[in-house]
> 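Quick one: structure below, then a few questions.
All values below were derived from every heavy atom in this structure, side-chain atoms included, with hydrogens, water molecules and symmetry-related copies excluded. As the structure lists them, so they are numbered: ligands from 1, and atoms in each ligand from 1.
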Amino acid sequence: MDRSAKLILEGKEYDLPVMEGTENEKAIDISTLRARTGYVTYDDGFGNTGSCQSEVTYIDGEKGILRYRGYPIEDLAEHATFAETSYLLVFNELPSKQQLSRWSDRLTAYEMIHQDMRHHFEGFPTESHPMAMLSAMINANSCYYPHLMNLNVAPDSSKANKEDFIEAAARIISKVRTIAAFSYKKHVGHPRIYPKPELEYTSNFLHMMFSIPYQDYDAKPEVVNALRQFLILHADHEQNCSTSTVRMVASSGANLFAAVSAGVCALWGHLHGGANQAVIEMLEQILASGETIPGVIAKAKDKNSSFRLMGFGHRVYKNYDPRAKILKKSCDELLNALDLDDPLLAIAKELEEAALKDEYFVERNLYPNVDFYSGIILRAIGIPTNMFTVMFAMGRIPGWVAHYKETQANPKWRIYRPRQIYQGQVLRRYVPIDQRENA
Ligand code: SDX
C-alpha cells in the first residue's frame, strides 16, 4: 500500500504519511500540515477526523463489530461479569482468578461514600435531575482523596503511583453505584440504603436502589443478569462525544474525578446518552396520543419537523448496532421472566419494523442503536426514566477511566487544542459610547 498521500496546494506538492491500525483502519497523518502549508483541515463534528490512537475499543460500523480490548461484546455479555469487564478495559487483560478477587475486594472496600457527602444530597432540590447530582458528586468526591489528585500513569511511574491510579479507578467505578442509588432515594424521599459487602457489583446496586429499611430487595437472577448485560454493553465505545470529552479534560492534566464528571455532563445530551430517556418519553407519547406508527415515521422523515426517531441512527454504525441486537433479546427474556407485558415494547417493535422497511431510513442506514431497547429493560427493572442516563454513565465509567489513563500515559501526551476557521468581524476600533451610532 502506498505509505503516503499527495496533497497539491497552490502549485506545491506535499507528501503526507499514511497510518494503518491493527484492524487495517487507514488515516492520513496531517500532524505537520499547518507548519508546512499554513493550512488546517476542517471537519465539522469530527466525522472524518481521528483524534488519537487507541488500544481500548474497536468498532467496525459497516460490519456492526464492537470489541473491548479485542474481545467481542457478544462473548463478554454472555460470559463475563461487569467487574471482570471493567478490569479488562482498565488493565487491558482479562483478570486471573486472583486478580479478579483482589479487584472485587477493592470495589467492595470503596463502595461507601464519605459520610460527610450525605450533606450534599440534602442541598439538592427533590426534583434535581440525577445526572446533575451524579456529575456534582463525582467531582465533590475528589475532595476527600487529595492524594489522588495528581496521578502519574506513565508506563515508568513508581509502584506507589500505579497503586494510586488503581485506587482512584476502583473508587470511581465502585462509588458511582452508591451515588446513583442515593440520588434515587433522595428523589423518592426514602432513607439511603448502604451497600452490603457480601453482594457483587450489580446486585449491590439493586439492593441500594430498591431495599427499604427492614425489607431487603429480592433481586431475581433474570433482573441481575439483564442489568449485568446492560452495564457491560455500555462500558465503552471508543471516541464518542463523552469519551472524547474525558480525553480532552485528561489532556489538560486535570484529575480523574474531574474528567469523569465532565464525561457525565457530555453524556447527558438527548443526542447521546440522554437518548435512552428520550426513547421512553417518545414511546409513552405515542401510546398516550394514539399516534399511528406510519404517522410517527412520517414525522421523523419530515424536514420541517424537529422530531427524530430517538434510539435510531448512529454516527458510526451504518448497520444494526450490535448492542441493540443483544439488548432486544435481553428485553424479551426479561419481560417473559417477569411475566410483564409492556405496551411500549410492542410499539418499539412496530416502529423498528416500519422504519427498517422505509426507504428514508434504509438509504440513510438508520438502525436501532444501543438506546432503543435499553430503556424498556430499565423500566422493567423498576428504574425511573430520569435515572436511565445515570445507568448509561455507570456502565461507561470503566471505559472513561481506560481512556483517561491512555491519554496521560501517552509518551507524546500533549493538551488537546483543535484549531478553527474564523468567520467573525474583521478588525474594528473601540468607539466611546456617546459617539456610537446607536448611542
Ligand atoms: C449514543 O458515538 C457513539 O458511539 C455514541 C453511543 C455510545 O455508546 O457512546 O453509541 C451512544 O449516543 C447512541 C445515539 C443515541 N442518540 C439517538 O438515538 C438520537 C437520535 N439519533 C440521531 O439524532 C442521530 O442519528 C445521531 C445523533 C445518533 C447521529 O447523528 P449524525 O451522525 O450527526 O447524523 P445526521 O444528524 O447527520 O443524520 C444524517 C441523516 C439526516 O438526514 P439528511 O440531512 O441526510 O436528509 O439522517 C437523518 C438526518 O435527519 N437522521 C434521522 C435520525 N438520525 C439521523 N432522521 C430521523 N430519525 C433519526 N433518529
> Consider ligand 1: state whether an atom of it lies below 4.0 angstrom from any non-hydrogen atom of V316.
no
> Measure H272 to ligand 1 on non-hydrogen atoms and call it side chain, backbone, both or neither using the 4.0 Å cut-off.
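Within the 4.0 Å criterion, H272 contacts ligand 1 through backbone and side-chain atoms alike.
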> With heavy atoms only and a cut-off of under 4.0 Å, state how L366 meets ligand 1: side chain, backbone, both or neither.
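Contact part for L366 vs ligand 1: side chain (C-beta onward).
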> Could you give the distance from OG (S261) to CH2 (W400), rounded to the nearest 0.5 Å?
9.0 Å
> Tell me whether R67 is salt-bridged to D75, with the criterion being a basic N under 4.0 Å from an acidic carboxylate O.
no
> Which ligand 1 atoms does H314 reach within 4.0 Å, using its non-hydrogen atoms?
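With H314 as reference, the close atoms of ligand 1 come out as 2 (O), 3 (C), 4 (O), 5 (C), 6 (C), 10 (O), 13 (C), 25 (O), 28 (C).
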> Is there a nitrogen or oxygen of D321 sitting under 3.5 Å from a nitrogen or oxygen of ligand 1?
no
> Counting heavy atoms only, name the option from Y360, F307, F312 that's nearest to atom 56 (N) of ligand 1.
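Selected option, by shortest heavy-atom distance: Y360.
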> Which residue from R308, H270, K303 reaches closest to atom 42 (O) of ligand 1 through any of its heavy atoms?
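Heavy atom nearest to atom 42 (O) of ligand 1 belongs to K303.
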> Please confirm whether F257 and Y404 have ring centers closer than 6.0 angstrom.
no
> For atom 31 (P) of ligand 1, state which one of R315, H237, K301, M310 supplies the nearest heavy atom.
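That would be R315.
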> Under a 4.0 angstrom heavy-atom cut-off, which atoms of ligand 1 come close to G313?
25 (O), 28 (C)
> What part of R396, side chain from CB on, backbone N/CA/C/O, both or neither, has a heavy atom under 4.0 Å from ligand 1?
side chain
> Give a yes/no on ligand 1: does H234 have at least one heavy atom closer than 4.0 angstrom to it?
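So H234 does not count as touching ligand 1.
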> Do you see a protein non-hydrogen atom under 4.0 Å from atom 37 (O) of ligand 1?
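Protein heavy atom within 4.0 Å of atom 37 (O) of ligand 1: absent.
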> Assess whether a salt bridge exists between R106 and E163, defined as any Lys/Arg side-chain N lying under 4.0 Å from an Asp/Glu carboxylate O.
yes
> Which part of L271 is near ligand 1, with near meaning a heavy atom under 4.0 Å away: side chain, backbone, both or neither?
both
> Looking only at protein heavy atoms, identify the closest one to atom 15 (C) of ligand 1 and say how far it is in Å.
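For atom 15 (C) of ligand 1, the nearest protein heavy atom comes out as D371 OD2, 3.2 Å.
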> May I ask you to check whether F372 and F312 place their ring centers less than 6.0 Å from one another?
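Aromatic pair counts; centres sit under 6.0 Å.
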> Would you check if the distance from the ring center of H314 to the ring center of H237 is below 6.0 Å?
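Ring centroids of H314 and H237 are less than 6.0 Å from each other.
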> Which of the atoms in ligand 1, numbered in the order shown and given with their element, are less than 4.0 Å from a heavy-atom of G311?
17 (C), 18 (O)
> How close does the nearest protein non-hydrogen atom get to atom 40 (C) of ligand 1, and which residue and atom is it?
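Its nearest protein heavy-atom neighbour is R364 CD, 3.9 Å.
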> Taking only heavy atoms of A275, which atoms of ligand 1 are found under 4.0 Å from at least one of them?
15 (C), 16 (N), 17 (C), 18 (O)
> Are F124 and H120, when compared by the centres of their aromatic rings, separated by less than 6.0 Å?
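Ring-ring flag for F124/H120: false, centres at least 6.0 Å apart.
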> Are there protein heavy-atom neighbours of atom 26 (C) of ligand 1 below 4.0 Å?
no
> Centroid separation under 6.0 Å, is that true for the rings of H207 and Y217?
no
> Would you tell me which option among L233, L309, D302 has the nearest heavy-atom contact to atom 58 (N) of ligand 1?
L309
> Pick, from N240, D236, I59, the option with the minimum heavy-atom distance to atom 2 (O) of ligand 1.
N240
> With the threshold set at 4.0 Å, does a side-chain nitrogen-carboxylate oxygen contact exist between K349 and E353?
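No, this pair does not count.
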> Going through the distances and angles, do H147 and E167 end up as a side chain to side chain donor-acceptor pair (under 3.5 Å)?
CA-CA 10 Å; H147 67 293; E167 179 187 340; 3.0 Å; yes
> How far is atom 14 (C) of ligand 1 from its nearest protein heavy atom, and which residue and atom name does that atom have?
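Here the closest protein heavy atom is N369 ND2, 3.6 Å.
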> Output the distance between atom CG (L206) and atom CZ (R228), rounded to the nearest 0.5 Å.
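Separation between the atoms: 13.0 Å.
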> Looking only at protein heavy atoms, which one is nearest to atom 57 (C) of ligand 1, and how far off is it?
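Checking every protein heavy atom, the shortest distance to atom 57 (C) of ligand 1 gives A300 O, 3.5 Å.
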> Classify the ring geometry between Y201 and F82 as parallel (under 30°), tilted (30 to 60°) or perpendicular (over 60°).
tilted
> Check this for me, if you would: do K196 and E111 make a salt bridge, where the nitrogen-to-carboxylate-oxygen distance has to be below 4.0 angstrom?
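So K196 does not pair with E111 through a salt bridge.
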